[in-house]
Amino acid sequence: MLQISFIRKNKKKILLGLKKRNFQRLYLIDEILILDQEKKKIQSFLNKILEQENCITKKIGKYFSEQNGYNDNVDNFKQQCYKLKNEKKKISIQLKKIFLQLQEKLNQVPNIPDEKVNKFSVENDIIFHEKNIYSYVKKNENILTHWELSKKFCLFDLKLGSEICGAGFPVYINQCAKLQRSLIQYFLDQNIQASYQEYNLPYVINEQSGFCTGQIPDKENQMYLIEKDNFYLIPTGEIPLMNCYRNKTLLESHLPIKATTYTSCFRREAGSYGSKVRGLNRLHQFDKVEIIQITTSELSSFSLEEMVFHVKKMLHSLELPFRILRLNATDLSPTSSITYDFEVYSIAQKKWMEVSSVSNCTDFQSNRLKLKYKNYKGKIKYCHTLNGSALAVPRILSTLLENNQSNNKILIPKVLIPYTGFDYIK
RNA sequence: GGAGAGAUGGCAGAGUGGUUAAUUGCGACGGUCUUGAAAACCGUUGAGGAUAUUUCCUCCGGGGGUUCGAAUCCCUCUCUCUCCGCCA
């Protein structure tokens with residue numbers, strides 16, 4: 001959510017940013033500013049009434065404490081209060097109505113894109129491209145997809161999962177199950193080594209948490225709802241992790257805060273179909289290790305670079321061919337001001353698979369979270385929040401299987417062998 | 001699931017109808033003393049909003065009510081703790 005004080009002072013900048021996103025409802029900004037003016041007017045009028053009321057009540061109080069009894073003046077004062085009370089009630093209702101309208105409109109406005117982000121009409125920028133992809137392509141002509149490999153090596157069973165629950169809930173078996181667990185452990189260890197603190201969190205959240213990180217109302221339909229208790233299954237560990245810092249005022253000297261968590265993620269993925277959902281490409285339940293940073297406005301772009309570098313390093317260590325894209329403005333999620341997507345190339349499917357997305361949400365989330373910090377001068381400001389996957393497990397798993405296959409076995413990358421305890425799958 | 005207790009500033013913890021944004025302690029910040037530090041002593045120290053920059057308003061878990069007036073009384077919701085039951 002944008003701050004109202006920011007909107008008041010930066011109308012032009014905001015409109016330009018929203019146009020860049022191809023956001024259609026630009027009129028919202030004018031409506032917000034008008035409502036804000038109106039709210040201010042009514043608020044100060046109400047304040048004056050309250051002031052009068054407080055003044056009279058204090059006088060009555062004085063009579064009671066000093067003279068210990070009734071007085072003609074007291075009845076007079078009471079009469080005055082009755083009048084004010086009626087007016088107060090009327091105006092409070094008006095104010096509340098306007099406040100809610102204002103809030104509702106503010107909730108609809110997305111974050112302003114960073115200067116580096118391209119317009120909606122432009123292709124996503126490829127800012128990094130691993131060249132050794134070509135050596136993989138030459139290596140073998142008879143390459144199997146991971147679902148074909150699964151049949152050959154007994155890696156996972158989608159049918160079994162669909163009988164237990166439904167499509168998109170895979171069952172991993174034997175060496176593949178261990179490889180999956182090894183990946184999670186490896187990612188967590190790498191993150192902890194980069195001084196991210198590990199959290200183990202609830203997989204279920206309430207509505208407030210979803211609102212604070214921006215999934216509600218925007219992506220409400222992507223989440224599973226437990227109606228009986230009004231809880232949602234998490235679509236990403238970012239939500240419970242970031243909500244650990246709801247309603248907090250941190251000290252600048254404690255920033256940046258770096259945290260990581262491993263969770264399963266649950267997504268309804270309504271409307272997905274075809275090759276996109278083959279095998280492990282798009283699932284209703286999958287595992288992901290998430291990293292976040294909470295920092296100041298001055299340092300958030302540095303944090304973003306640091307996170308990108310960290311993810312890059314991990315992909316390198318897994319020896320996977322990948323590229324990094326800077327998303328253009330239309331592809332940004334509403335909370336994000338700038339996002340880098342990491343894609344690994346699958347030589348079997350001959351396409352790029354998104355395995356991580358690293359975003360700077362600036363103060364958009366912290367405004368909803370009421371997450372602030374006190375700077376060295378003692379002034380209180382909103383934090384900047386960043387989040388990224390490090391990394392999404394199934395797509396790393398599937399591309400590892402596909403890219404490391406040979407006729408009768410699948411090789412495990414060196415860095416994972418201490419975790420798996422075997423150096424190939426057969 | 002049953003019974004009871006509670007929710008107050010960064011934290012701890014008073015306050016049961018009237019100058020109470022709220023005693024006090026800890027913490028933090030500033031000062032005195034000291035070569036420096038500690039100790040001791042003195043002082044400052046919640047947030048949000050509006051504004052003519054001076055004042056005003058709001059906030060004691062959330063919402064509603066009683067009253068001229070609510071942290072304080074009533075209703076309701078949420079959460080926490082204790083005891084009992086059930087259970088990985």
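Numbered from 1 within each chain, the chains take letters A, B, ... in sequence-line order.
- No side-chain donor-acceptor contact under 3.5 Å links A/S182 and A/Q185.
- Atom CD in A/Q52 sits about 18 Å away from atom P in B/C68, given to the nearest Å.
- In this structure, A/E31 places its CD atom where more than 12 heavy-atom neighbours from other residues, nucleotides or ligands lie under 6.0 Å away.
- Counting to the nearest Å, the C1' atom of B/U19 and the CD1 atom of A/I56 are 16 Å from each other.
- Across all their heavy atoms, A/L35 and A/I98 have their closest contact at O-CG2, 3.8 Å.
- The side chain to side chain donor-acceptor pair (under 3.5 Å) with A/S357 is formed by just one residue from the set A/D341, A/N387, A/T339; it is A/D341.
- Look at the C1' atom in both B/U19 and B/G31: the space between them is 31 Å, to the nearest Å.
- For the pair A/K248 NZ and B/G46 C1', the interatomic distance rounds to 16 Å; values are reported in whole Å.
- Between B/A37 and B/U32, the distance separating the two C1' atoms is 15 Å to the nearest Å.
- Considering every non-hydrogen atom in both A/P217 and A/R368, the closest pair reads CD-NH1, 4.4 Å.
- Expressed to the nearest 0.5 Å, how far CD of A/Q222 lies from CZ of A/F266 amounts to 14.5 Å.
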Legend entry - Strand RNA chain B in bracket notation, Watson-Crick/G-U under 3.5 Å with | for pairs to another chain: ((((((((.[[[..)..(.....]]]((((((.......))))))(((((....))))).[[[[[..)....]]]]])))))))....
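- Using a 3.5 Å distance cut-off with no hydrogens or angles, the side chains of A/T335 and A/S333 do pair a donor with an acceptor.
- Spacing of C1' atoms, B/A7 relative to B/G62, comes out at 12 Å, to the nearest Å.
- Within the structure, a side-chain polar atom (N or O) of A/K40 is placed less than 4.0 Å from OP1 or OP2 of B/U51.
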Inset, instruction - Could you check A/L95 against A/K39 for side-chain contact (heavy atoms from CB on, under 4.5 Å), going step by step and ending with a plain yes or no? - result: CA-CA 6 Å; A/L95 186 67; A/K39 197 195 108 188; 3.9 Å; yes
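- Only the C1' atoms considered, B/A47 is 42 Å distant from B/C84, to the nearest whole Å.
- Atom C1' of B/C59 sits at a distance of 12 Å from the matching atom of B/U8, rounded to the whole Å.
- Under 4.0 angstrom from either OP1 or OP2 of B/A50 there lies at least one side-chain N or O belonging to A/R8.
- Separation of the C1' atoms belonging to B/C74 and B/G85 is 33 Å when rounded to the nearest angstrom.
- A distance of 4.0 Å separates CD1 in A/I205 from CD1 in A/I239, rounded to the nearest 0.5 Å.
- On the C1' atoms, B/U16 is 14 Å away from B/C60, given to the nearest whole Å.
- Counting non-hydrogen atoms under 4.0 angstrom, A/K96 reaches the backbone sugars and phosphates but no base.
- The listed nucleotides are B/A50, B/U67, B/G18; the one nearest the side chain of A/K85 is B/U67.
- Side-chain atoms of A/R326 do not come within 3.5 Å of backbone N or O of A/I338 as any donor-acceptor pair.
- Protein atom CD of A/E252 is 17 Å distant from nucleotide atom C1' of B/G10, rounded to whole Å.
- Rounded to an integer number of Å, the gap from CD1 of A/I49 to P of B/C68 is 18 Å.
- In this structure, A/K39 places its NZ atom 10 Å from C1' of B/A50, rounding to the nearest Å.
- Between A/S44 and A/I380, the residue anchored nearer the 5' end of RNA chain B, judged by the nucleotide with its closest heavy atom, is A/I380.
- Taking atom NZ of residue A/K89 and atom P of nucleotide B/G69, one finds them 10 Å apart after rounding to whole Å.
- We find the CD1-CD distance between A/I34 and A/Q37 to be 9.5 Å, quoted to the nearest 0.5 Å.
- A/K41 places its NZ atom 13 Å from the P atom of B/U51, with the value rounded to the nearest Å.
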Inset, instruction - Between protein and nucleotides 53-60 of chain B, map the contacts as a letter string: B base, S sugar-phosphate only, - none, heavy atoms under 4.0 Å, written 5' to 3'. - result: ---SSS--
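- Using P as the reference atom, B/G10 and B/G48 are 10 Å apart when rounded to the nearest Å.
- The residue A/K372 sits close only to the backbone: its heavy atoms come under 4.0 Å of sugar-phosphate atoms, none of a base.
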